Number of protein chains: 2
Amino acid sequence: MDAQRKDIVRSADTTLAVLEAIAFAEEALGVTQIAQRLSLSKGAIFRHLQSLVDRGFVAQDPQTSRYRLGVKASLIGRLAPPENDLIAAAEGPMRDIRDRTAITTVLSAPTTSGALVLNTVIGYRTIEIGVRKGSELPFHASAQGKVMLAFGPPALMERTLRLGLPPLTPHTITDPDRLVSEVNLIRENGVATAPEEALLGINTLAVPVFDRDSRLAGAVALCGSIQYLPANPDDGLFAMVREMASRISRTLGYGTRAGN
Amino acid sequence: MDAQRKDIVRSADTTLAVLEAIAFAEEALGVTQIAQRLSLSKGAIFRHLQSLVDRGFVAQDPQTSRYRLGVKASLIGRLAPPENDLIAAAEGPMRDIRDRTAITTVLSAPTTSGALVLNTVIGYRTIEIGVRKGSELPFHASAQGKVMLAFGPPALMERTLRLGLPPLTPHTITDPDRLVSEVNLIRENGVATAPEEALLGINTLAVPVFDRDSRLAGAVALCGSIQYLPANPDDGLFAMVREMASRISRTLGYGTRAGN
DNA sequence: AAACGCTGTTCTCGGGAGGAGAACAAGACG
DNA sequence: CGTCTTGTTCTCCTCCCGAGAACAGCGTTT
């Protein structure tokens with residue numbers, strides 16, 4: 001736990017961390033695995049798991065005695081309508097552009113703490129470059145994040161600057177003024193790149209997606225090696241990504257209401 | 001809270017309770033509302049909400065400063081595959097039978113502590129009788145629950161008997177022996193009723209749904225006043241409900257594998 | 001305008017709850 | 001049978017969480 005905020009309930013946070021660990025793991029997890037991932041004792045994790053099982057958020061496989069997501073978790077997901085549309089609306093266009101570029105495509109939505117990865121379509125090169133679903137990319141060190149700073153609510157930028165800009169690589173933007181001017185540029189161009197700002201050798205190209213209320217719904221991005229995604233990609237790629245985003249926005253209803 | 005188990009993490013449980021409250025409420029909730037629903041202080045609820053917001057499970061509406069489900073909640077729901085199929089597979093047949101009988105139809109899935117209500121299709125009489133999504137019906141005092149005891153894993157029955165059979169109405173089965181024999185009867189007939197066992201004046205008629213592994217996936221039920229659902233409904237209704245359940249089971253893949 | 005009645009948010013403080021760590025139980029291997 | 005693992009239980013001590021009150025903003029009321 002890095003930036004230990006002190007106005008949250010500690011054990012509640014670990015319970016949610018356990019829930020996330022189970023949700024975003026591809027296979028069922030055991031007590032020990034979760035314990036060492038979260039750096040907590042087995043006993044503590046066990047009791048948190050009991051709480052989650054008790055409420056039906058996770059279930060224990062009677063055969064292997066490992067833990068997986070429970071019924072209530074999926075039920076709750078169905079009751080949060082807006083983002084489902086985003087994932088569904090983006091599915092097709094994302095596959096399309098992956099097929100045309102062979103580059104991994106990533107869909108994210110804004111959160112208070114970063115760009116949450118909702119869905120990915122892995123490129124079909126030999127070397128696969130992906131982003132873990134459910135992970136959060138920092139606002140200042142990812143193309144998706146900077147898009148959200150540019151087109152999302154101003155509070156995001158304030159919060160980001162207030163929390164500081166920790167460097168992930170030597171190329172990460174750490175100067176507040178530079179971040180602000182870069183975000184202004186992104187707002188003009190409608191597209192962001194983040195060459196080697198999150199991970200050396202990797203670049204990302206992101207554009208915003210808007211909903212029917214003309215508000216930022218998320219961002220779609222291409223993510224790949226700097227071999228295929230140089231710091232200044234050619235205009236054809238820009239156009240392609242912009243067109244994908246506007247297809248998704250239109251599916252969400254963007255432009256169907258009289259905007260101001 | 002009623003049956004305070006002592007092997008769970010208390011504050012984790014309240015966090016999950018807050019999450020559920022928000023998820024199963026039809027509109028966004030405020031701190032005060034949640035606090036009085038859960039009988040906790042505003043300050044405590046506020047901090048739990050901070051934890052949930054911090055992890056992206058809930059989000060605060062910037063306009064009204066009320067809380068609703070966040071992005072991560074819906075994302076997690078998408079990652080729990082099995083039950084989604086159940087809800088989707090049952091949707092059509094449930095509507096059909098509601099249209100033919102005008103009686104409320106309810107879909108539930110087994111949990112360690114009861115029959116979780118996944119979806120409902122409200123009947124179109126003047127007096128509406130529904131069941132709240134996300135609520136859990138006790139195993140011993142609902143038709144759905146008894147179906148699960150009959151066709152689900154034996155551990156359910158053990159646990160239910162161990163925890164005791166609290167009466168909800170004068171008609172609730174409270175004698176363990178009677179529950180066992182009734183469940184055996186249900187296992188033979190493939191259908192359960194629970195006249196006035198959960199609520200006076202209300203009866204329920206439930207049948208099991210099975211998945212491709214021939215294991216219990218859930219139960220569908222008709223739920224209505226004893227005027228339309230007498231203690232011994234006519235055979236036509238039984239046949240109709242059985243047929244609905246087998247349609248759902250077939251959609252789930254039941255019967256496509258060589259059973260034993 | 002001033003007083004009110006609501007919110008959501010912050011503060012302090014004391015008691016008990018939750019985490020560490022070790023011990024136990026129970027399979028899975030060889 | 002011994003030796004690894006697991007998951008589960010136990011005890012103890014610290015510090016975290018909850019109650020309750022105070023604070024800060026809003027609308028509405030008189």
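Everything numeric in this text was worked out from a predicted model, so none of it was measured. Naming: A, B, ... by sequence-line order, numbering from 1 per chain.
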Nucleotide nearest [X] (side chain, heavy atoms from C-beta), chosen from [options]:
X: A:Ser41; options: C:dG19, D:dT8, D:dG18; value: C:dG19
X: A:Ala44; options: D:dG18, C:dG18, C:dA20; value: C:dA20
X: A:Arg10; options: D:dC16, C:dG8, C:dA17; value: D:dC16
X: A:Tyr67; options: D:dT8, D:dA19, C:dG8; value: D:dT8
X: B:Phe46; options: C:dG18, C:dT10, D:dT8; value: C:dT10

At less than 3.5 Å, do the side-chain atoms of B:Lys42 and the base atoms of C:dG8 form a donor-acceptor pair?
yes
Taking N and O atoms by type only, does the side chain of A:Arg47 place a donor or acceptor under 3.5 Å from a partner on the base of C:dG19?
yes
Base, sugar-phosphate or nothing for B:Gly43? Non-hydrogen atoms, less than 4.0 Å.
base
Over all strands shown, is A:Gln33 touching base, sugar-phosphate only, or nothing at heavy-atom distances under 4.0 angstrom?
nothing
Does [X] have a side-chain nitrogen or oxygen under 4.0 Å from the phosphate oxygens OP1 or OP2 of [N]?
X: A:Ser11; N: D:dC16; result: no
X: B:Thr32; N: C:dG8; result: yes
X: A:Gln50; N: C:dG18; result: no
X: B:His48; N: D:dC17; result: no

